[in-house]
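Proteins come first, then strands; the chains are lettered A, B, ... in the order of their sequence lines, and each starts at number 1.
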Amino acid sequence: MKHQSEFGRLLERFGVIAAAVGALSIFAGASGAQAAGLLDEIKARDFVHCGTAPNVPGYAFTDANGDRVGFDIDLCHALAAAILGDPDKVKLSKMRPKDGFPALQTGQVDILTHRLTWTFNRDNGTGMNYTRVMIYDGQGFIVRKDLGVSSISELDGAAICVAQGTTVELNVADFFRTNNLSYNIVSFGSQEEAQIAYDEERCDAFSTDRMGLAARSLGFKNRADHVILPETISKEPIGPLVAHNQDEWADTARWVFNALIAAEELGVTQGNIDDMRANSQNPEVQRLIGVTGDFGQRLELSNDWAYNAIKAVGNYGEIYDRHLGPDTRLGLERGRNALWTDGGLIIAPPFR
Amino acid sequence: MAVETTDDRVRNTSFVFWSSSKYRTKFYEVLVLGLLFASLYWIINNVVTNLNRLGIRTGFGFLKQEAGFDIGQTLVTYNEASSYGSAVLVALLNTVLMSLLAIVFATIIGFVVGVSRLSSNWLLSRAATAYVEIFRNMPLLLQIFFWYFAVLRALPVPRQSIAFFDTIYINNRGIYAPSPVFEPGFGIVIAALVMALGVAIALRRWARVRQSRTGQPFPVLVTSLIIIIGLLLVSAAVAGFPLSWQVPALKGFNYTGGFSVIPELVAMVVALSIYHASFVAEIVRGGVLSVRRGQVEAARAMGLRPGQIMREVIVPQALRVIIPPLSNQYLNLAKSSALAAAIAYPDLMHVLGGAVLAQTGQPIEVMTIVMGTYLAISLLIALFMNWYNRRSSLVER
């Protein structure tokens, strides 16, 4: 018997190659841990990568022309306009909530402009940060009219379809537990699957955020057979998320969204913004759209960042009305999402 | 050690490292091993650094925390206030239940189809061929969706349930059947059952010894059945029939009480059984064909009846060929059961990969648990099948 192993001989033959490949992989890997901020990275690659819901009418869906449109999509266009000067420099990826979190944590996407509720748990210890609340919503239930149910308290023993890994799933559990009602949960991997299963009569009720219900119920076989119950069982402040430890990028995104709201507060619209830029004497308007001050530079953007964003998608109210408002298929009144001056909850911090 | 070497390639008396092929190969071994460990260390280090940078929680501490969500099918006590650890257990049991049911049905269907394919009856063998070629050639995921929506669409809503004898109800929320309620005194019946089984086993042993000594066969199966059923009836009568049934009743939205099976489980078991049975059928056919024709002819010449030839000659020899690939098929079945997540059956992949992962935001830990659990299930199946294979294999001397 030989003293040397067959393995060793094999290695000797391929040893040089193996060593080279090994060394290369180490060097290649080392370059992965770079320190540049995400904002610089976005500018360098020249597009903003947003994770959005796959198919929610009004928020993020694919229209008849094959374009991705909706409230959440416009937030992404606003970012691209503010940062890169062109609202179309976006990459829009569809993802379910449970896929969106890892995608954001690992840096696959820059931001999730998704219908995701701000909770303690999601903000702390999961590697994500919320930018700000863009929609105030609450969870509701939809049922078939022929059940004769008029209140959630009559849902004792009902089968309820929800999407798993969401606050919806937890709220349903909390609500039925605190009210001592029994129920059968049927939790699906995504909102779409839950919606289809409910429509196939697998469940007595389908639950998600009320504005989401308004949007999703449009996909039912016969919307007129269903009724949304009056009660709201939770508060759902919804807004875009960015990865933890990306302070600069988080500030930029937050203030682009603030700018959209401030524009509505100040009466700046997509239509009148050029006129405002030329003629407005209001100092806050002038600071917002970059006539005076250096707010753009401080965000490491050009000074017409907010001008570009508003010019591209309009102010908050315009985006809302275009996709969710009374004139759309969803027909949602502003309600809680009216400006604070109109009795709603939407407010932008001062631009000063 | 170097002094002991007889390697003729060491020619120089002055030792040069490169000139010895023995040391050179050792050097490469150490180098590759070192690189392997270095890259492993680099990967792990990178993961830990990145998790810390993102401020993501690490560790398995979440298993003790309250899960906060409910699960649609629970074999053990579980509610919203139970821990993530309990949710893992519930999901594991759901996976095990689904896999075991599917393994049993796939085996039965597979044996029937496999043997049918060898039948001399033209219609039967062609039907079996069609079965195999249809079901093994379509993606399993598609078949799962097909059965799920076929089941959901075909069944009525609870208020128009299909009723069997007013005790079993079937609707699109599941199958509802009476569940047994054991009353005091049922212990006597169980004792009688245990006794009857003991007698049956002893009888089988005695019959075997007698047959090998005298050649006289004894109808073990019929006798055992008479003993078991008889003893059960007698003991139940003595104890005053201590068993009642809780019949499901329509209350509110659905039937409550009794025993229920959710449609997702039905769809999964049907899909997994039918798909994997097509492979089992081919394995069985191969096994039966591997038994030489001469064996059957010899058995026939000895005057054995066709049933006896099947039982005593063909099956024992075919099993030796069947079991190893059948083990593989069982492993495939257990692993493919993870597709249940697609139709919301609360198995390991659905509960952990869906709810737990998203609610805790700790994908690495959660996926480690999922992978470890599937590995454990597969290894247990492999262990059992290896044991069974050793038992049924030919004893070679």
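- With contacts defined as side-chain heavy-atom distances shorter than 4.5 Å, the pair N184(A)/R173(B) does not qualify.
- Neither the backbone nor the side chain of Y345(B) comes within contact range of chain A; no heavy atom of the residue lies under 4.5 Å from a heavy atom of that chain.
- For T360(B), the part lying under 4.5 angstrom from a heavy atom of chain A is the backbone only.
- For the residue pair F188(A) and I343(B), the shortest heavy atom distance occurs at CE2-O, 4.2 Å.
- Looking at I196(A), the atoms closer than 4.5 Å to chain B (heavy atoms on both sides) all sit in the side chain, from C-beta outward.
- Heavy atoms from other residues, nucleotides or ligands lying under 6.0 Å from NZ of K145(A) number more than 12.
- Comparing A197(A), G127(A), P102(A) by heavy-atom pairs within less than 4.5 Å of chain B, the highest count is held by G127(A).
- When C203(A), A159(A), A243(A) are compared by the number of non-hydrogen pairs under 4.5 Å with chain B, C203(A) comes out ahead.
- Inter-residue side-chain proximity for E200(A) and F149(B) is flagged as met; some heavy-atom pair is nearer than 4.5 Å.
- Between atom CG of residue D70(B) and atom CZ of residue F176(A) there is a gap of 10.5 Å, rounded to the nearest 0.5 Å.
- Proximity to chain B (any heavy atom under 4.5 Å) is shown, for V172(A), by neither the backbone nor the side chain.
- Without hydrogens or angle criteria, H350(B) side chain to S187(A) main chain gives a donor-acceptor distance under 3.5 Å.
- Atom CZ of F60(B) sits in a crowded spot, with more than 12 heavy atoms from other residues, nucleotides or ligands closer than 6.0 Å.
- Heavy-atom distances place the backbone of T166(A), and not its side chain, under 4.5 Å from chain B.
- Nearest heavy-atom pair, F253(B) versus D156(A), reported as atom, atom and distance to 0.1 Å: CD1-O, 3.3 Å.
- Of residues 72-93 of chain B, those residues with a non-hydrogen atom less than 4.5 Å from any non-hydrogen atom of chain A are, in numerical order, G72(B), E80(B), A81(B).
- Contacts of F101(A) with chain B are made by side-chain atoms alone, with heavy-atom separations under 4.5 Å and no backbone atom involved.
- Taking all atoms of both residues into account, the shortest heavy-atom contact from E264(B) to R202(A) is OE2-NE, 2.8 Å.
- The two residues I185(A) and I71(B) make their nearest non-hydrogen contact at CG2-C, 3.7 Å.
- Using a 4.5 Å cut-off between heavy atoms, E193(A) contacts chain B through its side chain alone, with no backbone atom that close.
- For D99(A), the salt bridge (Lys or Arg N to Asp or Glu O under 4.0 Å) partners two or more places apart in sequence, or in a different chain, are R96(A).
- Judged purely by atom type and a 3.5 angstrom limit, N172(B) uses its side chain to pair as donor or acceptor with the backbone of E201(A).
- Note: L170(A) leads T126(A), N245(A), L155(A), L170(A) in heavy-atom pairs under 4.5 Å with chain B.
- G68(B) and A173(A) make their closest contact through O-CB, 3.1 Å (heavy atoms, listed as atom of the first residue, atom of the second, distance).
- The most heavy-atom pairs under 4.5 Å with chain A, out of A355(B), A341(B), P363(B), come from A355(B).
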